[in-house]
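Numbering of residues begins at 1 and proceeds along the displayed sequence. Note that ligands are numbered from 1 as they come in the structure, with each ligand's atoms numbered from 1 the same way. Side chains are part of it too, since the values below use all heavy atoms of this structure and drop only hydrogens, waters and symmetry mates. Bear in mind the structure is a predicted one, so any value in this text is a computation, not a measurement.
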Amino acid sequence: MKTLEHIPEISFEGSGSKTPLAFKYYDPEMMILGKTMREHLKFAMSYWHTINAGGTDMFGGDTMDKTFGKEGIERYKAKADFAFELMRKLHIDYFCFHDVDIAPEGASLGESIKKYIIMVDYIEELMKKFDKKCLWNTANMFGDKLFMAGAATSPNADIYAVSAAKVKVGLDVAKRLDAGGYVFWGGREGYDTLINTDMGLELDNLGRFLHMAADYADKIGFTGALYIEPKPKEPTKHQYDYDVATCMNFLRKIGLENRYKMNIEANHATLAGHTFQHELRTAVINGSFGSVDANQGDLFLGWDTDQFPTNVYDTALAMYEIIKAGGFTTGGLNFDAKARRQSNAIEDIFLSYIAGMDTFALGLKVAAKIIEDGRIDSFVEDRYAGYNRGIGRKIVEGKTDFDELYNYALTLKEIQVESGKQEYLESLINNIMFS
Ligand code: XLS
Ligand code: CA
Ligand code: CA
C-alpha cells in the first residue's frame, strides 16, 4: 500500500461535478429537517474491510497489498496512521473495529491482549489528534480455529471462557475509548447439523453469556449501547441470531430486551429474505433500533458480499425509517463494506466511500422530501383511521371482547374494502425522488 499523499481531501462539489474524488451529494454542513447531514448520517469506517481486507476470495489471494512493507506492531501502527488519515480526508467522524483488526495476535491469549493494548494506546492518541470517535468495537470470535464450533455456544467450556475473556477486554476498551457501543455479532454462534448439536444448552449458555456481559458493562460503568447484530447464515448454516425478530424473541426469553439493541446490516437483512427497511422497522417497533451496518448485497448471489451501498431507493427507505425513529443516538452508519476484488487501486477505497456516502446523502434527501410531502404518511394514517373511532377504538384500547365483536359483526351490512394503492404510492415515491 502506498501513502495517501496523492489523494486530495475530499470536498463537496455538487451534483454537476465531474471530479471523481469529490462528493456530489454529501454536503456535511447542509441542513435537513433541522440537523446537518453530518449529524443525521454519522458515518463510520469499518477497520476490517478498509484497512485489512486485500481482496482474497475462495479462489485466490489478495489483489491489494495492505502490509505497508512492515511486520508486527510496526505494520499495525502504519495501518492506524493510514486509517486516521483516510478518515480525515473523507470527513468520516467514526470508526468500528474488532480486536484482531488493530493489532497482531500473539502466541497466547495473554500475549494477544498485550499487543492489543499497545495498539489501543496508539489509537487513543490518534483519536485525540484527529478528533475521531469510536462508533463501536467488538471481538473477533470466529476467525481462530478455537471458535470453529462457536464462542459463547461452543461445546467446549474452555473456549467459552476464552470468549468471555475477549469480551471482557473488549468492554474495557469500549469504556476507555468512550465508544458509542459494543457489538455482538454471532460469528459462528449457530450450527451446521443438529446431529452433533445440543441446541438447548448452546442457547442457554449464550443467554448466560449475554447476562454476564451486561453485568460486566454495568460494573465498569460502560454507558454505551450493547448491540446484537442479526445474520441468518454464513459462516454457520443456521445462525442463532437469524434476524431482528428472532433476536428480540431470544432477548425476551432471557429478560434482556431492554438492555440490548440491534445493529442492523442491510446485506444480512436480504440474506434473511427481508428488506433492509423491514429489519429497521422491526427493530423500531420493538424499541431496539440502535445502529446500522450500511452496505448492500447482490440478490443474484446467495452470500454476504458486503458491497458499498449504491442503491438510492433502498437508502431512501432506510433513512425514512431512521428519521421517523428519531434518528441515531448512540448508533450511526458503519460502512461494513469493501471495494470489489477487482477494484484494487488505492483510489478505489476513496471512490467506494464517496459512492456510499453520496448514496446515503441522496437517500436522506429523498426521505426528508417524502416526510415533508406528507402524502405517504397521511395515506397510511387514513388507511387505519377505523381504529380511531367506534369498534376500532375499542379494539386498540382493549375494551372489547369476542362476544361484543361477534354481535357487532352480525349487524354489519355492506363492508367497504379500501384499495391499498401500492402502485400509486410507488409512483408517488418516484415522483418525489425525481422532482
Ligand atoms: C459479518 C459481520 C461482522 C460484524 C462485526 O458478516 O457483518 O463484520 O459486523 O463482527
Ligand atoms: Ca456487519
Ligand atoms: Ca456482513
With heavy atoms and a 4.0 Å threshold, my read on which part of N263 contacts ligand 1 is neither
Looking only at side-chain N and O atoms, does T310 offer a donor or acceptor that is under 3.5 Å from a partner on Q296? yes
query: Looking at ligand 1, does any of its N/O atoms fall within less than 3.5 Å of an N/O of D306?
result: no
shortest atom 8 (O) of ligand 1-to-protein heavy-atom contact is with D336 OD2, 3.3 Å
All heavy atoms of K24 vs all of F12, minimum pair found to be O-CE1, 3.4 Å
Inset, instruction - Give a yes/no verdict on whether any heavy atom in E234 is under 4.0 Å from an atom of ligand 1. - result: no
Would Y353 and F43 count as a close aromatic pair, with their ring centres under 6.0 Å? no
If we number the atoms of ligand 1 from 1 as shown, the ones under 4.0 Å from a heavy atom of E265 are 7 (O)
Is there side-chain contact between I371 and Y320, with heavy atoms separated by less than 4.5 Å? yes
The atoms of ligand 1 lying under 4.0 Å from a heavy atom of D293, numbered in the order shown, are 9 (O)
### Backbone or side-chain N or O of D304 under 3.5 Å from ligand 1 N or O
yes
Vertex the Ca ion (ligand 3), ends D304/OD2 and D306/OD1: angle to nearest 10° comes to 100°
To the Ca ion (ligand 2), the closest N, O or S atom belonging to D293 is OD2
In this structure, atom 3 (C) of ligand 1 is nearest to the protein heavy atom W185 CE3, 3.6 Å
**Asked** Any side-chain heavy atom of D241 sitting closer than 4.5 Å to one from E229?
**Response** no
For K231, the atoms of ligand 1 under 4.0 Å from one of its heavy atoms are 1 (C), 6 (O)
Among non-hydrogen protein atoms, atom 5 (C) of ligand 1 lies closest to H98 NE2, 3.2 Å
Taking the six-membered ring of F82 as reference, does the NZ or CZ atom of K79 fall below 6.0 Å from its centre and within a 45° cone about the axis? no
Fill in: N52 side chain near K66 side chain, heavy-atom distance below 4.5 Å
no
>> Over 60° means perpendicular and under 30° means parallel, so tell me whether H268 and W185 are parallel, tilted or perpendicular.
In response: tilted
Here the N/O/S atom of D336 closest to the Ca ion (ligand 2) would be OD2
W48 heavy atoms within 4.0 Å reach ligand 1 at atoms 8 (O)
Atom 2 (C) of ligand 1: closest protein heavy atom, distance to 0.1 Å, is E229 OE2, 3.4 Å
For the Ca ion (ligand 2), angle spanned by E229 OE2 and E265 OE1 (nearest 10°) is 90°
Do L351 and L21 have side-chain heavy atoms sitting under 4.5 Å apart? yes
TODO: Just say parallel, tilted or perpendicular for the rings of F360 and F335, cut-offs at 30° and 60°.
DONE: perpendicular
